[in-house]
Amino acid sequence: MADTDTDAADADPEAVVRDYYDAVDAERYDELVSLFTDDVRYERPGQGAITGREELREFYLTGRPLEDGSHEIHDVLVDGTTAAVRGTFSGVQDGERVEFDFADVHELEEGQIARRYTFTDRDEV
């Protein structure tokens, strides 16, 4: 991730979202949270929105139902400051091995993820 505000504003959306998946898979949550704006909003169908960095950090530390997994990125499509990602997640959910496809949309502001939307065929992620 970029070191200065100027560099952050010029950050490549594809690089930022790839950094996100690398950080979540490696459980580097401080690095992960730093990729998001202070007032981030993360929406998942059928679940309440996660708002703000602290709530996002808490979600990854204690509330995320997925664990011990990794994301395989198939496509990243960028339009301006929006990146759409299609991939497969493999890991553990509720003690059982799972593998499922996902689509995420990341909207960036000044080089950080401001809004994130996740879509899967699972009830909860």
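Source: prediction; values computed, not measured.
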Nearest 0.5 Å, please: how far is [atom2] in [Y] from [atom1] in [X]?
X      : Y      : atom1 : atom2 : value
Leu56  : Asp38  : CG    : CG    : 11.5 Å
Asp101 : Thr120 : CG    : OG1   : 9.5 Å
Thr37  : Gln112 : OG1   : CD    : 6.5 Å

Run the side chain to side chain donor-acceptor pair (under 3.5 Å) test against [X] and tell me which residues pass, sequence neighbours left out.
X     : value
Tyr29 : none
Arg41 : Glu43
Glu27 : none

Please identify each residue that fulfils salt bridge (charged side-chain N to carboxylate O under 4.0 Å, His left out) with [X], with sequence neighbours left out.
X     : value
Asp94 : none
Glu55 : none
Arg28 : Glu31

Let me check something: do Phe59 and Leu61 share a hydrophobic cluster, defined by ILVMFWY side-chain heavy atoms less than 4.5 Å apart, either directly or through other members?
yes
Do Ile50 and Arg44 pass the side-chain contact (heavy atoms from CB on, under 4.5 Å) test, and can you show the C-alpha distance, the side-chain angles, and the key distance before you say yes or no?
CA-CA 9 Å; Ile50 296 168; Arg44 300 159 298 144; 3.7 Å; yes
Please identify each residue that fulfils side chain to side chain contact (heavy atoms under 4.5 Å, CB included) with [X], with sequence neighbours left out.
X     : answer
Ser90 : Thr88, Glu99
Arg18 : Glu14, Ile73, Val76
Glu58 : Thr62
Ser70 : Asp25

Given side-chain contact (heavy atoms from CB on, under 4.5 Å), test Asp121 with Phe102 step by step and report yes or no.
CA-CA 8 Å; Asp121 60 355; Phe102 68 88; over 6 Å; no
Counting the benzene-type ring for Trp, do Phe100 and Phe89 have ring centres under 6.0 Å apart?
yes
Can the ring centroids of Tyr21 and His106 be said to lie less than 6.0 angstrom from one another?
yes
Ignoring hydrogens and angles, state whether a donor on the side chain of Thr118 or Tyr42 is under 3.5 Å from an acceptor on the partner side chain.
yes
Just by distance, no angles: are the side chains of Arg116 and Tyr20 close enough, under 3.5 Å, to form a donor-acceptor pair?
yes
How close do [X] and [Y] get, heavy atom to heavy atom, and via which atoms?
X     : Y      : value
Val16 : Gly111 : CG2-O, 3.7 Å
Pro13 : Thr81  : CG-CA, 4.2 Å
Asp68 : Arg97  : O-NH1, 3.9 Å
Val40 : Ile113 : CG2-O, 3.9 Å

4.5 Å side-chain heavy-atom contact, Arg64 and Val24:
yes
Side chains of Leu35 and Asp19: closer than 4.5 Å at any heavy-atom pair?
yes
Residue pairs, two or more places apart or on separate chains, that pass salt bridge (Lys or Arg N to Asp or Glu O under 4.0 Å) and touch residues 72-89
Asp75-Arg86
If hydrophobic residues (ILVMFWY) are linked whenever their side-chain heavy atoms come closer than 4.5 Å, directly or via other members, who joins Tyr117 in its cluster?
Val105, Phe119
Salt-bridge present (Arg53, Asp39; N to O < 4.0 Å)
no
